[in-house]
Amino acid sequence: MRQLPVLLAGLTFSLSAVAATADQWTLPVNVKKLENGLTVIVTEDHSSPTVGVSVVYHVGMRLEPKNRTGFAHLFEHLMFQGTPNAKKGVFDTTITGGGGRNNGSTRPDFTNYIETAPVSALEPILWLEADRMKTLDFNAATLKNQQDVVKEEIRVNVKNQPYGGFMWIDISQQAFQKWENNHDGYGSFEDLENASLDDVRAFHRDYYGPNNAVIAIAGDITPAQGFALAQKYFGKIPARPTPKATDFSEGLNTVEKRVVQSDALAQVPAVAAAWKIPPRGHKDQAAVAVLAEVLAGGDASLFYQGLVKGREIALNVDTLFGLTGPFEYDGPTLLTVFALYKPNSNADALLKAMDEEIGKVAQNGVDAATLKRVKTRMLADWNNQMESFINRADMMAKMQVLWGDANVVNKIPGWIEGVTSEDIQRAVRTYLVPTNRTVIDRKPAAMLAAPAAAAATPTTAPAGAAK
């Protein structure tokens, strides 16, 4: 992240109970594949004279080279460092000078580059994106500079922060078995420093071709205009072979794992409890998404009411789906609950309280009123997100890359609405079980040092006591 986280034939969601409603918002999705393999999506909306653009490449942390942890993230930074035609700084100044803004981010299964601007700036944006898809300005000075930038980002966001991303970096290292899933996607300093210009050239050649990318344009443009512009700027870029991905699939865990960590910067202890969840397209995926909201989605959730308000063990509670959302992954992923807890309590008490709330759902399901409230909140959040052209373009491009179908953006609301109490019970009983759980108990260093110091202090009898 810069500083300014398949086809549907096998889909097994059951939508028979989902009926279209009068207030259902269906976004227009128009898709065309160019001869070089680039998939182009245009979603037309003339409510504002602006556009959102997203270019998503099907490569991320899971596909970076071994012994080059953090390389996909490093490369994302290098994509903003210029080309032979547009030197360093031209990309940013052209877009911001045209009234727009831009960014990029790296995730396990994709890297995305996003822009939003007045529609008058669309052609310069497309020219710039096509230009850096062709090649970059590969040079040693730029590589060294960006290696240092990423290392400093790691210092600021991880090493010098309390808890330091342990709820998504460390927990993945503990929960997964395969290197593709459990290595640190931010990167080790040693691996980042060892990245060479040959590594950079090969990565761009292998993963940044048009046939490994999707571009989506949302906003004040017609499909015909969007497809014509995509052909004009991207159509002549040759396709390039993309390496076959390794098998990074993993089953559920069968033995609970618990780890205690020390944190020199933390003031209070924290727990990250993570469970492996079903793969993309599984019938339980939507149920797990709704379950996460039932358990920890806001102040009305079971965990907040039971652990923060009721038992007064936790100070807060939140959920994570790795570095993505519940529908934005294409490989093994965790549902992680992160909570700060009171120093006069302990991780065992917190986990016991979580299990009690989980057990209620497993036993009784979710009552109709709660389920309706949770779904309403989720659908409102989804629709609010899709109102933004830049978010709309980005989500469609990601769905095309991950699912092979940009129209998934119109299916997700129905999948959420179709989740039943029985679906949630099945998900709880299958995934949120202790044997599938990995736990990190992250304690302030002073808390761990105190018992050790007490144990090392010899016990002496008080003055005048019998010997």
Side-chain angles (χ1 to χ4, degrees), residues 6 8 10-21 24 175 249-253 273-298 300-304 306 317-322 324-337 354-383 385 395 399 402-403 405 408-438:
V6 181
L8 285 174
L11 181 63
T12 55
F13 283 121
S14 175
L15 302 179
S16 59
V18 182
T21 59
Q24 180 177 336
S249 60
E250 294 189 22
L252 301 183
N253 289 338
W275 299 263
K276 284 184 175 178
I277 59 175
R280 178 191 58 75
H282 192 278
K283 67 180 181 180
D284 290 335
Q285 186 175 4
V288 170
V290 177
L291 171 62
E293 285 292 311
V294 170
L295 292 177
S301 66
L302 292 180
F303 281 174
Y304 187 88
V317 63
D318 203 356
T319 57
L320 307 166
F321 285 89
T324 61
F327 300 99
E328 298 165 44
Y329 61 89
D330 198 23
T333 302
L334 302 172
L335 167 60
T336 302
V337 173
M354 285 185 186
D355 284 340
E356 288 174 0
E357 298 299 332
I358 291 169
K360 293 176 186 177
V361 177
Q363 179 68 31
N364 305 317
V366 181
D367 65 88
T370 297
L371 193 54
K372 181 177 180 180
R373 173 183 58 76
V374 168
K375 290 179 181 179
T376 299
R377 171 188 166 116
M378 293 178 72
L379 293 172
D381 288 345
W382 176 262
N383 289 331
Q385 182 184 6
M395 188 61 72
M399 294 300 99
L402 300 174
W403 293 79
D405 183 5
V408 165
V409 297
N410 288 317
K411 298 177 181 180
I412 286 173
W415 294 342
I416 293 171
E417 193 62 56
V419 171
T420 66
S421 176
E422 291 75 19
D423 293 333
I424 293 175
Q425 281 182 288
R426 182 180 66 249
V428 167
R429 294 167 179 171
T430 304
Y431 307 102
L432 267 64
V433 293
T435 53
N436 187 41
R437 182 168 64 190
T438 302

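Using a 4.5 Å heavy-atom cutoff, the side chains of His282 and Val288 are not in contact. For the pair Phe327 and Lys411, the minimum side-chain heavy-atom distance is 4.5 Å or more. Between Leu291 and Leu432 there is a side-chain heavy-atom pair separated by less than 4.5 Å. Counting only heavy atoms from C-beta outward, the side chains of Leu371 and Ile424 approach each other to under 4.5 Å. For the pair Leu302 and Lys360, the minimum side-chain heavy-atom distance is 4.5 Å or more. Phe303 is listed as a side-chain neighbour of Ile358, based on a closest heavy-atom distance under 4.5 Å. Met378 is not listed as a side-chain neighbour of Val419, based on a closest heavy-atom distance of 4.5 Å or more. Val317 places none of its side-chain heavy atoms less than 4.5 Å from the side chain of Leu295.
To the nearest 0.5 Å, the span separating OG1 on Thr430 from NZ on Lys276 amounts to 15.0 Å. Note that CE of Met395 and CD of Glu328 are 4.0 Å apart. Values are rounded to the nearest 0.5 Å. One distance of note links CD of Gln285 with CD1 of Ile412; it measures 8.0 Å at 0.5 Å rounding. The structure places CH2 of Trp275 at 6.5 Å from CG of Leu335, a figure rounded to the nearest 0.5 Å. For the atom pair OG1 of Thr376 and CD1 of Ile416, the computed distance is 11.0 Å after rounding to the nearest 0.5 Å.
Of all non-hydrogen atoms in Gln425 and Val361, the two that sit nearest each other are CG-O, 3.3 Å. The two atoms that bring Gly297 and Ser301 nearest to each other are N-CB, 3.4 Å, heavy atoms only. The nearest pair of heavy atoms linking Asn253 to Ala175 is ND2-O, 3.1 Å. Pairing each heavy atom of Ala289 with each of Phe321, the nearest pair is CA-CZ, 4.1 Å. Across Glu250 and Pro332, no two heavy atoms sit closer than the pair N-CG, 3.7 Å. Across all non-hydrogen atoms, the minimal contact from Asp423 to Gly418 is OD2-O, 3.7 Å.
Although no hydrogens or angles enter the test, the distance criterion places no donor-acceptor pair under 3.5 Å between the side chain of Thr370 and the main chain of Ala368. Side chain of Asp284 to backbone of Ala287: no donor-acceptor contact under 3.5 angstrom is found. Side chain of Arg280 to backbone of Asp330: no donor-acceptor contact under 3.5 angstrom is found.
The aromatic ring centres of Trp415 and Trp382 sit 6.0 Å or more apart.
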